[in-house]
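Shown next, in structure tokens, is the structure this report addresses.
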Amino acid sequence: MTHAFQPVARQSLSDDIAQRITQLIEQGGYEPGSRLPTISRMSQDFAVGAPTLREALKKLETVGVVTIRHGSGVYVGRAPASLVMSNPMIGVTPSRKLLVDLIEARLPVETTTASLAARNATDAQLDEMERLLDRAGESLDDPTVLNEVNLAFHREIALASGNVVLHQILDVLSSLFRQEQRMILDIHGKRANDYAEHREIYAAVRARDEPLATARMQRHLERVRDVLIQDGAPPPSQDR
């Protein structure tokens with residue numbers, strides 16, 4: 001089976017705005033804890049709608065660059081120099097090996113976050129995982145929505161782990177390789193199987209079963225990796 005690679009699209013508008021907000025913080029001399037301009041003002045300055053700006057701010061809040069205080073405003077977070085960067089692969093057609101490498105990079109991170117999430121997840125975080133899975137189940141025929149929801153599910157597990165570093169690492173990987181993640185979804189296919197495996201991971205996390213959550217996450221990512229390899233990607237041992 002062969003697949004024609006399509007050129008990787010540029011990063012999303014919200015990613016662009018996230019970088020511009022980061023530059024605003026760095027170049028404007030804002031200190032941690034200081035208040036940023038209002039959302040309406042930043043929307044005007046960056047010439048984008050409020051929903052796009054809020055999406056960018058949510059991404060920055062995830063990695064600690066800003067803190068959003070509802071009813072008060074947006075403030076510089078404790079980690080204004082967090083790993084927020086542009087994708088160095090933009091405009092470059094990724095090799096199948098890059099896709100395999102991406103899954104292998106995720107394996108040690110996400111098996112650990114799954115285990116920690118089983119230990120530390122709050123009820124609210126578990127409910128959010130279930131909400132995302134419900135949405136994924138409704139979007140199996142929409143690859144664009146499904147890809148975003150799948151990434152959000154994995155990020156929610158990382159957030160529920162309680163490990164800020166692992167959460168940031170996964171968030172950076174997701175941001176840097178957003179289009180590559182979509183290509184992986186298109187290649188390995190069988191979205192219903194993928195969805196079922198996500199459900200199994202979630203069930204293990206909700207059951208607070210750390211070994212099972214780890215095993216199911218590992219099996220899930222290894223299956224994706226193996227499909228990529230069997231579909232023509234070079235084995236992990238090559239070109240290293």
Side-chain angles (χ1 to χ4, degrees), residues 7-92 94 98 101-102 105-106 108-110 112-113 125 128 132 144-145 147-184:
V8 177
R10 71 188 301 277
Q11 62 184 355
S12 69
L13 179 58
S14 62
D15 287 333
D16 286 341
I17 299 304
Q19 290 182 24
R20 291 175 66 183
I21 294 172
T22 302
Q23 292 172 355
L24 170 68
I25 294 172
E26 294 174 346
Q27 299 172 5
Y30 289 93
E31 297 293 331
S34 57
R35 184 176 179 178
L36 291 176
T38 64
I39 288 178
S40 60
R41 176 58 185 272
M42 285 192 284
S43 295
Q44 293 177 0
D45 291 345
F46 296 136
V48 296
T52 299
L53 185 71
R54 289 193 179 94
E55 182 181 353
L57 288 170
K58 185 175 181 180
K59 292 179 180 182
L60 293 177
E61 184 178 40
T62 298
V63 293
V65 175
V66 302
T67 299
I68 302 173
R69 302 176 189 171
H70 297 287
S72 177
V74 181
Y75 296 80
V76 178
R78 296 181 178 179
S82 292
L83 297 174
V84 179
M85 58 193 80
S86 61
N87 188 341
M89 303 304 297
I90 290 173
V92 178
L98 174 63
D101 285 350
L102 176 56
R106 288 174 55 186
V109 173
E110 296 203 58
T112 302
T113 58
Q125 289 166 338
E128 176 63 10
L132 290 168
T144 299
V145 173
N147 185 55
E148 291 299 320
V149 176
N150 283 347
L151 289 176
F153 173 71
H154 282 270
R155 286 197 300 268
E156 188 66 25
I157 290 177
L159 178 64
S161 75
N163 187 303
V164 175
V165 174
L166 290 175
H167 181 213
Q168 287 199 21
I169 289 172
L170 184 61
D171 197 72
V172 168
L173 284 174
S174 297
S175 297
L176 284 176
F177 297 103
R178 183 172 301 274
Q179 295 300 323
E180 288 82 351
Q181 302 278 12
R182 167 64 186 275
M183 292 178 69
I184 289 172

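Here the structure is a predicted model, which is why all the values come from computation and not from measurement.
- When atom types are taken as modelled, the side chain of R54 and the backbone of I39 share no donor-acceptor pair closer than 3.5 angstrom.
- A donor-acceptor contact shorter than 3.5 Å is absent between the side chain of E55 and the backbone of S14.
- A158 approaches S161 most closely through the heavy-atom pair O-OG, 2.5 Å.
- Taken from CG in L60 to CD1 in I25, the straight-line distance is 6.5 Å, to the nearest 0.5 Å.
- The two residues G33 and Y75 come nearest to each other via the heavy atoms O-CD2, 3.4 Å.
- Taking the salt bridge (charged side-chain N to carboxylate O under 4.0 Å, His left out) definition, one finds that E156 meets it with nothing, sequence neighbours left out.
- Separating the CG atom in L57 from the OG1 atom in T67 is a distance of 11.0 Å, to the nearest 0.5 Å.
- Listed by chain and residue number, D45 satisfy the side chain to side chain donor-acceptor pair (under 3.5 Å) test with R41 (two or more places apart in sequence, or in another chain).
- Across all their heavy atoms, A56 and A18 have their closest contact at CB-N, 3.7 Å.
- In this structure, E128 CD and R155 CZ are separated by 11.0 Å, a value rounded to the nearest 0.5 Å.
- Here CG of L170 is found 11.5 Å from OG1 of T112. Values are rounded to the nearest 0.5 Å.
- Nearest heavy atom pair, residue L36 against residue M42, reads CB-CE, 4.5 Å.
- Contact of the D16 side chain with the F46 side chain is not registered, since no non-hydrogen atoms from C-beta on lie closer than 4.5 Å.
- Put simply, the side chain of I17 reaches to within 4.5 Å of the side chain of L53, judged on heavy atoms.
- Taking all atoms of both residues into account, the shortest heavy-atom contact from A50 to S43 is CA-OG, 3.6 Å.
- Taking both residues in full, the closest heavy atoms of G77 and P32 are given as O-CB, 3.4 Å, listed atom of the first, atom of the second, then distance.
- A search for side chain to side chain donor-acceptor pair (under 3.5 Å) contacts involving T38 returns S40, not counting sequence neighbours.
- Expressed to the nearest 0.5 Å, how far CD of E110 lies from CG of L173 amounts to 8.5 Å.
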